[in-house]
Q: 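Shown below is the structure under consideration.
Residue numbers count from 1 along this sequence. One-based numbering, in listed order, for ligands and for the atoms of each.
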Amino acid sequence: MKAIRVAEAGGPEVMRWEEVPTPAPQEGEALVSIEAAGVNFIDVYFRTGQYQSPLPFTVGMEGAGTVAAVGAGVRDLSPGDRVGSVNFAGSYAQFATARADRLVKIPDAVSTHQAAAALLQGMTAHYLTHATYRLKAGDFCLVHAGAGGVGLLLCQMSRRIGARVIATAGGPDKERLAREAGAEETIDYRAKNVAEEVRRITGGKGVKVVYDSVGRDTFEGSLDSLSLRGTLALFGQSSGKVAPVDPQILNTKGSLFLTRPSLAHYVAAKEELAQRSGDVLGWIAAGELSIRIFREIPMEQAEEAHRLLEGRKTTGKLLLTSQAAAGGAVPAAG
Ligand code: NDP
């Protein structure tokens with residue numbers, strides 16, 4: 001089979017479409033013929049070496065496709081089942097393995113591509129709005145990068161709860177998308193002071209929670225946008241790592257809470273994975289959550305996908321599609 005491999009950390013050009021042995025599913029695992037892989041910022045962090053992985057490695061965690069084979073002890077899955085996961089050992093590949101208990105079955109009303117596009121960013125928006133800070137109707141929240149993959153879903157899920165969403169976005173087209181997804185106010189954070197705008201919109205009070213995936217460039221403004229005892233959920237670093245902070249700052253700015261959450265810790269329990277994925281896929285099936293697939297790109301062009309994502313050129317989800325999958329035969333495991 002072929003896969004996108006990284007032999008040394010670096011720019012998008014270090015990703016190579018190479019022939020590799022098809023993995024064999026071990027005990028408790030399934031081998032999945034990948035139809036579409038989701039592109040996520042975490043893939044960039046691993047590629048650049050910001051997050052460490054033993055080299056060489058196959059890029060990607062998220063994907064969806066059809067079960068091709070199962071390892072010993074797997075009873076809940078059979079070849080032919082449509083499944084998705086955020087825990088593939090390299091999803092930018094024609095075939096990938098995952099632990100069977102980390103795979104979710106895709107409902108009939110949801111396409112395989114929708115599932116590949118929704119699982120990671122959807123469950124992230126879910127835990128942030130339902131668990132990290134449990135939003136209530138009427139709460140003001142601030143969503144950074146509101147037209148991004150996670151951002152558009154945060155806007156929709158916050159609105160669904162009845163919260164009042166202020167979103168930041170880089171430019172008028174992205175602001176329009178965030179408004180369509182449920183933001184009642186938007187701020188072009190390249191042109192305006194976010195904290196000042198938030199104070200104006202909230203009558204001086206600030207927001208209960210900031211969902212900040214941008215990191216270095218937004219961190220200070222996020223703290224300054226919070227109400228007393230507000231929560232900063234710093235869940236990403238698209239603009240770079242935040243410098244170390246003195247905890248005393250949380251006191252002086254109003255007894256604030258700061259958390260740096262990760263999806264892995266909010267779906268660690270099997271029941272939690274089932275609940276969050278069930279909600280996300282169920283809302284898509286019911287037409288209550290819309291997944292914006294920005295572009296589908298052939299998997300061998302992963303380099304182009306990363307350039308778009310890092311270059312702030314995307315709105316919504318980027319998918320990498322694989323030719324081998326649709327009904328493809330399982331090659332001999334090597
Ligand atoms: P996005 O679609 O949000 O893309 C990133 C966006 O961030 C850009 O489009 C851009 O929007 C904004 N941005 C601001 N500054 C920069 C910069 N210097 N370089 C690049 N982009 C910038 O990506 P995802 O939805 O895939 O991920 C969003 C973030 O969420 C990432 O930081 C990711 O690591 C994090 N994440 C965290 C998870 C967790 O559990 N902790 C899980 C999933 C994602 P604009 O032009 O509007 O500024």
Q: Below 4.0 Å from any atom of ligand 1, which residues have a heavy atom? Give them in chain and number order, please.
A: Phe41, Tyr45, Leu120, Gln121, Thr124, Tyr127, Ala145, Gly148, Gly149, Val150, Ala169, Gly170, Lys174, Tyr189, Ser213, Val214, Phe235, Gly236, Gln237, Ser238, Ser239, Arg260, Pro261, Ser262, Leu263, Leu309, Glu310, Arg312, Thr314

Q: Between Asp43 and Tyr92, do the side chains contain an N or O donor and an N or O acceptor separated by less than 3.5 Å?
A: yes

Q: Charged N to carboxylate O under 4.0 angstrom, Glu272 versus Arg276?
A: yes

Q: With ring-ring contact (aromatic ring centres under 6.0 Å, His included) as the rule and sequence neighbours excluded, what pairs involving residues 26-79 come up?
A: Phe41-Tyr45, Tyr45-Tyr51, Phe46-Tyr51

Q: Give a yes or no on whether a salt bridge exists between Glu303 and Arg307, defined as a side-chain N under 4.0 angstrom from a carboxylate O.
A: yes

Q: Tell me whether Glu310 is salt-bridged to Arg47, with the criterion being a basic N under 4.0 Å from an acidic carboxylate O.
A: yes

Q: State plainly whether the residues Glu196 and Arg199 are in salt-bridge range, i.e. N to O under 4.0 Å.
A: no

